[in-house]
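Report on the structure given below.
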2 protein chains.
Amino acid sequence: MNPMTAARSPYSSPADRPQLGLRERKKIKTREAIRAATYGLIKEQGYDATTIEQIADRAEVSPSTVFRYFPAKEDIVLTDEYDPLMAEELRARPAGESWIDSVRHVMHLAIDANNREDPEVARMRAHLAAQVPAVRSRMVESMSQTGRLLREAIAERHGLDPDSIEVRVYAMSFIGGLMETSMYWAENGFKGELSDLVDRALDVLEHGLPTEKP
Amino acid sequence: MNPMTAARSPYSSPADRPQLGLRERKKIKTREAIRAATYGLIKEQGYDATTIEQIADRAEVSPSTVFRYFPAKEDIVLTDEYDPLMAEELRARPAGESWIDSVRHVMHLAIDANNREDPEVARMRAHLAAQVPAVRSRMVESMSQTGRLLREAIAERHGLDPDSIEVRVYAMSFIGGLMETSMYWAENGFKGELSDLVDRALDVLEHGLPTEKP
DNA sequence: CCATAAAATGAGAGTAACTCTCAAAATGTA
DNA sequence: TACATTTTGAGAGTTACTCTCATTTTATGG
């Protein structure tokens, strides 16, 4: 599942593209050039002030090419390719483990992988999602997509129909809760560990609100 | 709160604009003309094929005016002005009543009001939200906005900080669950009563998933 | 190594949703 | 009726995105 600030595949180090043809390697380089240009420009000017033309210029490709690699501007900063991996990971968890513990485990995995990759980019994504409606919206869409995988994992565990309203509502309430966790993190200046916030969020999703104020 | 397919204020019948000046009355008429034109065109051609220019033509105003009344195309079909009313209603519920029951009550109120107003439009909104990403996205934004009001009501009831991650996550999980309910309703051809689906959704949000498959 | 197929790129034209500005028209008020 | 205020329309400009087609670049088989 989307760890809310997901980057590339957790296991894709720069070294793992060995016997790819020149064509494929070039494509990867272009993709990364576009992304790097975009992050750079956004850091300098902000999201809205950054145009596709500027991105294309800095990445040394044409605007057409930018759109060939990413369907929309928001996707340049967001796209994560490994949501399916996480869903798989979820399903691979021992059947005896409680649902919440499985989610917790997978979320921690994802966050760790992400931090190992590029913690700054991870924060930038969360920040953009919190600030820019278009980015946030795209992120919600992406997480909802993942929600469909979630449903199946949930349904399997609980012996329910993945298309029942119960499972759908349950899955989406998780998505909503985790999305909000990311927003909270960004809005509060990335204070503390994201994993700790996720733990607190999962507690709420499991048990509801704590009974009394501390 | 957004009853997922909200229309105008539940209490605004055509008769309730009595001693408004000519100016105000005209504005309301223009607003409704734009909306009517939009719904008509969408029904005929679909959302994407309907342009602002066509809408302006049919409503007999200029495109500029359309944008003056609605900030974006999606807002023409969505805008509901009474989310705050629902939040107020929520807070007005007896303090002894359980949180879930309060939400249930208010949701039923909203759905009823909506059905009384224009059930076809209510369905059309849900349908568009399910089909058109831009509309769905705008709806999520709108519900999240409402979420902020929700937080306060929740915090008040539970004696918690409305800005704590716990309350935020809890509120957003409700939003997510109710949003999904609307999608489910639309995707399944509006079969059955929306209120019944909402009840089932709230059960899940309160108690988690049912233990066994029927 | 060369010819040829296949894929990727760039250039350019086109669309549609907005935004801004300014002058004209409609309305309210004295 | 005159004047101030508000609302509207017209038009120009920006930008994200789409489509098409010619050109370049890479892969492949002889």
Side-chain angles (χ1 to χ4, degrees), chain A residues 17-35 37-39 41-42 44-79 128 131-139 141, chain B residues 17-35 37-38 41-42 44-79 128 132-139 141:
Chain A
R17 32 181 130 115
Q19 65 273 34
L20 291 177
L22 172 59
R23 210 164 238 173
E24 303 302 317
R25 267 177 293 149
K26 223 177 171 181
K27 270 165 83 170
I28 292 178
K29 265 174 65 181
T30 303
R31 211 181 161 77
E32 289 183 353
I34 294 174
R35 251 205 271 256
T38 304
Y39 282 129
L41 285 164
I42 289 180
E44 294 168 23
Q45 316 174 332
Y47 181 86
D48 287 328
T50 299
T51 72
I52 297 288
E53 212 183 327
Q54 293 173 330
I55 293 171
D57 280 355
R58 185 170 297 195
E60 298 188 287
V61 296
S62 74
S64 321
T65 299
V66 174
F67 284 116
R68 233 175 241 120
Y69 278 81
F70 300 94
K73 194 178 159 190
E74 311 92 65
D75 290 299
I76 307 178
V77 283
L78 280 186
T79 310
L128 286 173
Q131 303 306 123
V132 183
V135 174
R136 174 169 56 252
S137 148
R138 188 67 194 69
M139 192 159 169
E141 283 292 300
Chain B
R17 33 181 130 116
Q19 64 273 36
L20 292 176
L22 173 56
R23 211 162 239 173
E24 302 303 317
R25 267 177 291 150
K26 224 176 172 184
K27 269 164 87 171
I28 293 177
K29 265 174 66 181
T30 303
R31 210 180 163 76
E32 288 182 354
I34 293 173
R35 252 206 270 256
T38 305
L41 285 164
I42 290 180
E44 294 169 23
Q45 315 173 331
Y47 181 86
D48 287 328
T50 299
T51 72
I52 297 287
E53 212 184 325
Q54 293 173 331
I55 293 171
D57 280 354
R58 184 169 298 194
E60 298 188 287
V61 296
S62 75
S64 321
T65 298
V66 174
F67 285 116
R68 232 176 244 122
Y69 278 82
F70 300 94
K73 193 177 160 190
E74 310 92 66
D75 290 298
I76 307 178
V77 282
L78 280 186
T79 310
L128 286 172
V132 183
V135 174
R136 173 168 56 253
S137 148
R138 189 65 195 72
M139 193 159 167
E141 284 291 303

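In this text, all values refer to a predicted model and were calculated from it rather than measured experimentally. In what follows, chains carry the letters A, B, and so on, assigned in the order in which the sequence lines appear, proteins first and then strands, with residues in each chain numbered from 1.
The side chain to side chain contact (heavy atoms under 4.5 Å, CB included) search around A/Arg23 returns none, not counting sequence neighbours. Partners of A/Asp48 according to the side chain to side chain contact (heavy atoms under 4.5 Å, CB included) rule, which considers only residues two or more places apart in sequence or in another chain, do not exist here. Under the rule for a side chain to side chain contact (heavy atoms under 4.5 Å, CB included), the partners of A/Phe67 that lie at least two apart in sequence or sit in another chain are A/Ile52.
Look at A/Arg58 and A/Glu44 and you find a salt bridge, because one of the NZ, NE, NH1 or NH2 atoms lies within 4.0 Å of a carboxylate O, short of that distance. Ionic pairing of B/Arg136 and A/Glu141 is present here: one or more N-O contacts between side-chain nitrogen and carboxylate oxygen are shorter than 4.0 angstrom.
Under a 3.5 Å cut-off, the side chain of B/Thr38 and the backbone N or O of B/Ile34 do form a donor-acceptor pair. A/Gln45 contributes no side-chain N or O that, together with a main-chain N or O of A/Ile42, makes up a donor-acceptor pair within less than 3.5 Å. In this structure, A/Thr65 contributes its side chain and A/Val61 its backbone to no donor-acceptor pair below 3.5 Å.
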Are any protein N/O atoms closer than 3.5 Å to N/O atoms in nucleotides 23-30 of chain D? If there are, list each pair with its distance.
{"residue": "D/dT26", "atom": "OP1", "partner": "A/Lys26", "partner atom": "NZ", "Å": "2.6"}
{"residue": "D/dT26", "atom": "O2", "partner": "A/Arg23", "partner atom": "NH2", "Å": "2.9"}
{"residue": "D/dA27", "atom": "OP1", "partner": "A/Leu22", "partner atom": "N", "Å": "2.9"}
{"residue": "D/dA27", "atom": "OP1", "partner": "A/Arg23", "partner atom": "N", "Å": "2.9"}

Every protein N/O within reach of nucleotides 2-4 of chain C N/O, cut-off under 3.5 Å:
none

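Contact check, B/Tyr69 against D/dT7: no side-chain N or O comes under 4.0 Å of OP1 or OP2.
In this structure, B/Lys29 places its NZ atom 10 Å from P of C/dT27, rounding to the nearest Å. If you measure from atom CD of B/Glu60 to atom P of D/dT8, you get 14 Å, rounded to the nearest angstrom. Distance CZ (B/Arg31) to P (D/dT8): 12 Å, rounded to an integer number of Å.
Both tests hold for A/Lys73 against A/Tyr47: distance to the six-membered ring centre under 6.0 Å, angle to the ring axis within 45°.
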query = Which letter, B, S or -, goes with each nucleotide of nucleotides 11-21 of chain C from 5' to 3', with contact meaning a protein heavy atom under 4.0 Å?
reply = BB---SSBB--
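Within 6.0 Å of atom CD in B/Glu60, 12 or fewer heavy atoms from other residues, nucleotides or ligands are found, so the atom counts as exposed in its surroundings.
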